Amino acid sequence: MTPAATELVSPTLFEWATGYPVVTRLTGAIEHVSLARGCDAVLVAPASLDTLAEIAQLRASTPVSALAQEAAGLGKPVLLVPAMHLGMWRRAQQLIEELRRQGFSVMEPFIEGEQAKYPPVDLIAWWAEAVISRGRDLGEVKVLVTAGPTREPIDAVRVITNPSSGKMGLYLALEATWRGAEVTLLHGPLCTSVPSQWRSYVKAYEFLRAEEAAKLVETNIRGKDLALYAAAISDYAPVEEIRGKISTHSASKEIVVKLRQTPKVIEAGVRSEPGAVHIGFAAEAAETPSELVEKARKKLEYYNLDAVAANNVLEPGAGFGTETNHVYLVTWTGYTLEIPRMHKRLVARRILDEARKLVEKGPRPR
C-alpha cells in the first residue's frame, strides 16, 4: 500500500481480510524484490495519477511503485487500473500513452458524470486474467460479434423469440477487447450477469428483428478481419404484425399465424466482406458427437464459412441461458477441436485462440 492509501483504509483491515501481512514501507528485507520474484504479475488497482506518474517516470518512492518497477524489470506483466476525477484523467492521457509504450497494460476507467470511475471488480479480474494468459495477441484485429436473440412481433405484446441470453457473444466481444482487438458488438435483448459498465469498453449497437440484424451486419462488417456470429437469429417471422393485441376472449380457441423466412445474417456478412474470417455458431440437437460435428460441417459448407462452433442443446449445461458450454469447433481445413464443458468466458477464449490462427492464415477461398 502507498502511504496515502493507508490514510484511507487501515492496513490491519487488509491483513485480517486476506491473512497476509501488508507492506506499507520498504525495509532492509527488500520486500518489493521478493514480491516481484514470487508473483506472476502485478496489478495496481486503483492507480492514482500520482502512482501512474511515479511508474512512468521510473521512480520508486512508494512500495507500490517500487514493486511495479522491479516486476517490469524482470519482464513480468504489470497491469494498471486508473481511477480519478475527470479533469485529472484528461490530463493523464499522455501519461497513459507513455506507460503503454513502456509495456504496461492499462484498463481505462468508465466515465460517469465528472468522474473516471473504478471498473467493477468482475471486469477487472477478467481483464487481468486475459492479459496475463494471452497478452494483446489480437492487437489491431478488427472484430464483429453478434449476440443474443431476436424478437419477431406477432402483435403488440407477443413475439417469436428463443431462450438465448447473449452470454456467449458478449463474452467473445469482451475477451477479444481485453486481448487488444477493435470490437463492434451487434446484439439483441441481453440477459446476463455481466456488469452494465461493459458498454464502456465495446462499441455496441442493438437490434430487435432479424431484418435489423442483417442490415447492421452489412453496415458494420466492411473492413473487419474477423466475424463471430453468436446471435440466435429467428429463422421465421409473422407475415403480418397484428395491430393491437389479440384478445384472449375471442370466439375462436385457435389462432393461425402465417410465417415467412427472415434474411440470413451470416449470408449478409459473408457477401458484404468476403475478405474476413467468418465463424458461425450452431445450436443443434444431436444424439452423438459425430452427428453434431456433421451438422456443423454442413452449415460450414452451406454458408461458405471458415469455422463453425457447434453445441448440443440436448446436453445439460451446454445450451441456451447457461453459464457453461461444450463446443466442437469445425474448420474448413478439416480440423475439429473439442472444447470441453467450461465457463462460456473460457470457451470464448479458446474459440478466439483458434480464430487468431485462422486470421493469420487468411480466409478460405470464396
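Here the structure is a predicted model, which is why all the values come from computation and not from measurement. Numbers here are sequence positions counted from 1.
Checked for salt-bridge contact, Arg260 and Glu211 meet the test: a charged N lies under 4.0 Å from a carboxylate O. By the 4.0 Å N-to-carboxylate-O rule, Asp137 lies close enough to Arg179 to be salt-bridged with it.
Residues meeting the side chain to side chain contact (heavy atoms under 4.5 Å, CB included) test with Thr331, sequence neighbours left out: Ala307, Thr333, Tyr335. Scanning for side chain to side chain contact (heavy atoms under 4.5 Å, CB included) contacts around Tyr205 gives Thr184, Leu186, Lys203, Leu216, Asn220, with sequence neighbours left out. Residues passing the side chain to side chain donor-acceptor pair (under 3.5 Å) test with Thr27 are Glu31, sequence neighbours excluded.
Thr336 and Arg297 form a side-chain donor-acceptor contact under 3.5 Å, judged by distance and modelled atom types alone. No side-chain donor-acceptor contact under 3.5 Å links His32 and Gln69. If you check the side chains of Gln93 and Glu97, you find no donor sitting under 3.5 Å from an acceptor. For the residue pair Glu54 and Thr62, no side-chain donor N or O sits within less than 3.5 Å of a side-chain acceptor on the partner.
To the nearest 0.5 angstrom, Trp89 atom CH2 is 10.0 Å from Leu49 atom CG. Separating the CD atom in Glu206 from the CZ atom in Arg199 is a distance of 6.5 Å, to the nearest 0.5 Å. To the nearest 0.5 Å, the span separating NZ on Lys264 from OH on Tyr302 amounts to 7.5 Å.
In terms of modelled atom types and a separation under 3.5 Å, the side chain of Glu273 and the main chain of Gly275 share a donor-acceptor contact. Counting only distance, with no hydrogens or angles, the side chain of Thr51 and the backbone of Ala47 share no donor-acceptor pair below 3.5 Å. Distance alone, capped at 3.5 Å, is enough to place a donor-acceptor pair between the Asn312 side chain and the Ala286 backbone. Counting only distance, with no hydrogens or angles, the side chain of Lys245 and the backbone of Val157 share no donor-acceptor pair below 3.5 Å.
The only member of Gln94, Gln102, Arg100 that meets side-chain hydrogen bond (donor to acceptor under 3.5 Å, both in side chains) when paired with Glu98 is Gln102.
Atom CZ of Arg37 has 12 or fewer heavy atoms from other residues, nucleotides or ligands within 6.0 Å. For Phe14, the CZ atom counts as loosely surrounded, since its 6.0 Å shell holds 12 or fewer non-hydrogen atoms of other residues, nucleotides or ligands.
Taken together through direct or relayed side-chain contacts under 4.5 Å among Ile, Leu, Val, Met, Phe, Trp and Tyr, Val106 and Ile111 form part of one hydrophobic cluster.
Residues Tyr171 and His343 place their aromatic rings such that the two centres sit under 6.0 Å apart.
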